[in-house]
Amino acid sequence: MSREEGSGERPAGPGPDFVRARAASDLASGKVRAVRTRFPPEPNGHLHVGHAKSICLNFGLAAELGGACNLRFDDTNPSKEEVEYVESIRRDVRWLGFDWGDREFYASDRFERLYEDAVRLVRKGAAYVDSLSADEIRAYRGTLTEPGRESPHRGRGVEENLDLFARMRAGEFPDGAHVLRARIDMASPNINLRDPTLYRILRSHHHRTGDAWCIYPMYDYAHPLCDAYEGITHSICTLEFEDHRPLYDWVIGQLGPWEPRPEQIEFARLNLTYTVMSKRKLLQLVRDGHVSGWDDPRMPTIGGLRRRGCPPAAIRDFCSRIGVSKKDALIDASLLEFSVREELNRTAPRAMAVIRPLKLVVESFPEGAVEEMEAVNNPEDPSAGTRRVPFTRELWIEQDDFREDPPKKFFRLTPGAEVRLRYAYIVKCTGVTKDPATGEILEVRCTHDPETRSGSPQAARKVKGTIHWVSAAHAVGAEVRLYDRLFRSERPEESGSFLDDLNPLSLEVVPDAKLEPSLAGAKPGDSFQFERLGYFCVDPDSTDARPVFDRTVGLRDTWAKVEQAQKG
RNA sequence: UGGGCGGUCGCCAAGCUGGUAAGGCACCGGACUUUGGCUCCGGCAUUCGAAGGUUCGAAUCCUUCCCGCCCAGCCA
């Protein structure tokens, strides 16, 4: 197997996983002529990173092997599904960088064929209409350790079953009156094989078929058949469906032959530290207002990651690094952050912004004068060019960059010490002005060395630190939203108490940060690296009058670690 | 104490036909640096859930045991 790079994406992480290996081998052995996969979301919620793992696997492996991946909506339960989700899912998959061409399918488009196949099942005696209530069926099913009992209706004749099933479809019975069941084995140790329900009567408006149907197929019946109808070769799903595979094979086997004959392969779903991934919990966060919506930047949803400024390439890289296996894994959130930083480091233009402003007065610099300093847009990408940043006598610097009483190894501004102002001059702190009443530092004062202007020979002088700044007269005020992990613990409490673990500091809004003027024209979605701080993205709430930036992720902060260590 | 599936470094994960433990993240050193960023160099499992056994040799084969996850929707 060659280790060629695919479509420009850098290979990362381990080699082929067991799913890719199997698909490749099926292709090599001639078992399948071409690989066909599918991503089959139910349109009843928004996609999240866990889905991204599946999307990258399904679309990725198909592309790598010269096959194709279908987008299929598993819309067999109209009571929970809505068309708004369909649009959201399509957008998210597309945004992640995948293309399903004209292969967009819906289980609901197969309702007629599925019904006809169900009739075939009834004809061959492999399915029957049961008239037990839901409670009775549950009671008859037995338990994990005791076999189930056969329904008194299990022996109904084919003609009666055909008649009943047709009348179910015709709407002659109320919801729940009857159900179509597979006739397999009520004593099977695998509960999924104890005559599973294939069809239920359900009067609910379907987002695509309207009121054309009042009976709907169950997942275990519709899914394998849709795979077969679409010519899927490898039906990749998550571990909890492992027990369903015998049923999947049963359905496929009853109604074949199929060419190709689809096979189900299961892998472990993604779990990430400091967040929750279940649909129910995410919905609760939104419904209860713990976050601003499905696309709140703290949410692990695709919409949340997008709004937060996470590039799709970073998500793809992350997915390639986590691997695919059958082990229940809890991935460290720092791995996602790593992928995000790596991508943004390459692509995000740099800019200077001060989040917690402290006035710095350069006493030796003439009042009213403005010098344009040349700044590099992206040291990782020379083609990004340079820009000019205005320098004046009064600047904003970061509060963290000045310490009247510095700890050891503090390389920033302190009384009597020198520091370099990025792309400008080396300045020396001459003192501070304090509020006589509170003792609060009002401003820091310094003088500059005019010989050290950036680019001049004298600028090569070594100074311990370099800090960023923004000209006070030119600063653009902005709201900056600092996000942190949504939960306090790696595994937010299970059950309903996960809400107790919410991190109260997951969002800090800074109402008046100071940005360099070049940031004024930034558009929603644009990402920047605010030098020495982190990566920030323009939020959709942003307006020209009031820019709003979201912190995607901070830069690695070695000093923070050192300082932390010093404090013990 | 029914069935299914897992258990290799703090977190992931290669290792599948036995030959003497890849890689990534994290972490710890150091170099470089007009971002305490990036980059670079170095460190980081005598051990593979446990115990036996087979073998010249086992994470890889056999046996037993332990731990974890999933399944009793007319959800997917």
Side-chain angles (χ1 to χ4, degrees), chain A residues 12-18 21 40-42 44 74 76-77 79-80 130 132-134 137-139 141-148 175-181 188-194 196-202 216 218-220 222-223 237-246 266 268 273 279 321-339 341-342 345-346 350 352 376 379-380 409-412 420-424 426 452 454-455 459-468 490 529-534 555-563:
Chain A
D17 52 74
F18 80 99
E42 180 189 13
N44 73 340
D74 237 327
T76 56
N77 186 356
S79 64
K80 305 165 99 177
D130 197 357
L132 253 26
S133 70
I137 285 183
R138 187 180 316 120
R141 185 152 33 225
T143 68
L144 294 178
T145 52
E146 305 159 27
D175 289 10
H178 305 284
V179 91
L180 184 74
R181 290 231 250 169
S188 172
N190 181 343
I191 291 183
N192 293 296
L193 261 23
R194 318 241 263 231
T197 300
L198 268 23
Y199 268 90
R200 75 283 213 182
I201 300 174
L202 187 62
Y216 292 94
M218 298 288 289
Y219 167 87
D220 284 317
H223 201 87
C237 63
T238 43
L239 252 28
E240 67 269 28
F241 291 103
E242 222 158 6
D243 286 343
H244 296 235
R245 196 182 338 134
E266 312 83 13
T273 55
K279 229 170 242 183
R321 285 172 186 279
I322 59 179
V324 176
S325 74
K326 298 190 70 159
K327 186 169 71 174
D328 278 307
L330 179 62
I331 306 294
D332 201 316
S334 66
L335 184 56
L336 210 207
E337 293 183 350
F338 173 83
S339 291
R341 287 196 189 100
E342 185 176 65
N345 178 51
R346 283 177 47 232
R350 316 282 126 128
M352 291 198 284
V376 172
E380 306 293 323
K409 300 282 195 117
F410 186 82
F411 299 154
R412 282 106 99 141
R420 184 191 305 278
L421 294 179
R422 179 91 159 144
Y423 296 128
I426 292 174
T452 59
S454 189
R461 227 174 77 204
K462 296 292 177 197
V463 284
K464 284 191 294 185
T466 297
I467 65 174
H468 60 278
E490 291 195 343
Q529 182 198 97
F530 287 176
E531 296 217 24
R532 304 209 308 131
L533 297 176
L555 251 28
R556 262 187 80 222
D557 192 349
T558 306
W559 166 242
K561 282 181 194 165
V562 172
E563 192 176 30

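So you know, we letter chains A, B, ... as the sequences are listed, proteins then strands, and number each from 1.
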Got a sec, which residues hit side chain to side chain donor-acceptor pair (under 3.5 Å) with T76(A), two or more places apart in sequence or on another chain?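 Here no residue qualifies.
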Those residues at least two apart in sequence (or on a different chain) that pass side chain to side chain donor-acceptor pair (under 3.5 Å) with S325(A) are none
Can you tell me the distance, in whole Å, between the [atom1] atom of [X] and the [atom2] atom of [N]?
X: R194(A); N: G4(B); atom1: CZ; atom2: P; result: 13 Å
X: R181(A); N: G73(B); atom1: CZ; atom2: P; result: 12 Å
X: K326(A); N: C12(B); atom1: NZ; atom2: P; result: 18 Å
X: R141(A); N: A72(B); atom1: CZ; atom2: C1'; result: 6 Å
X: K279(A); N: C75(B); atom1: NZ; atom2: P; result: 14 Å
X: L335(A); N: C27(B); atom1: CG; atom2: C1'; result: 15 Å
X: I331(A); N: A26(B); atom1: CD1; atom2: P; result: 13 Å

Closest listed nucleotide, where the reference is the side chain of [X] and the choices are [options]:
X: K80(A); options: A72(B), C12(B), C75(B); answer: C75(B)
X: I137(A); options: C74(B), C5(B), G3(B); answer: C74(B)
X: S334(A); options: G2(B), A13(B), C25(B); answer: C25(B)
X: E240(A); options: G10(B), G24(B), A76(B); answer: A76(B)

Verify whether one side chain among S334(A) and D332(A) offers a donor that lies under 3.5 Å from an acceptor in the other. yes
Given A76(B), is OP1 or OP2 found less than 4.0 Å from the side-chain N or O atoms of T76(A)?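 Answer is yes, contact under 4.0 Å.
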Base, sugar-phosphate, or nothing for [X], non-hydrogen atoms under 4.0 angstrom?
X: A134(A); result: base
X: M218(A); result: sugar-phosphate
X: H178(A); result: nothing

Closest-nucleotide mapping onto RNA chain B: is N190(A) or L202(A) further toward the 5' terminus? I mean the 5' end.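 Its nearest nucleotide being more 5', the pick is N190(A).
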Nucleotide-resolved protein contact map, nucleotides 32-42 of chain B, B/S/- at heavy-atom distance under 4.0 Å: --BBBBS----
Any-strand Watson-Crick or G-U partner of C48(B), both distances under 3.5 Å: none
Opposite nucleotide pairing with G2(B), Watson-Crick or G-U, both atom distances under 3.5 Å: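 G2(B) is paired, partner C71(B).
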With [X] via side chain to side chain contact (heavy atoms under 4.5 Å, CB included) - residues at least two apart:
X: D220(A); answer: H244(A), L247(A)
X: F18(A); answer: I265(A), F267(A), V324(A), K326(A)
X: K279(A); answer: E42(A), N44(A)

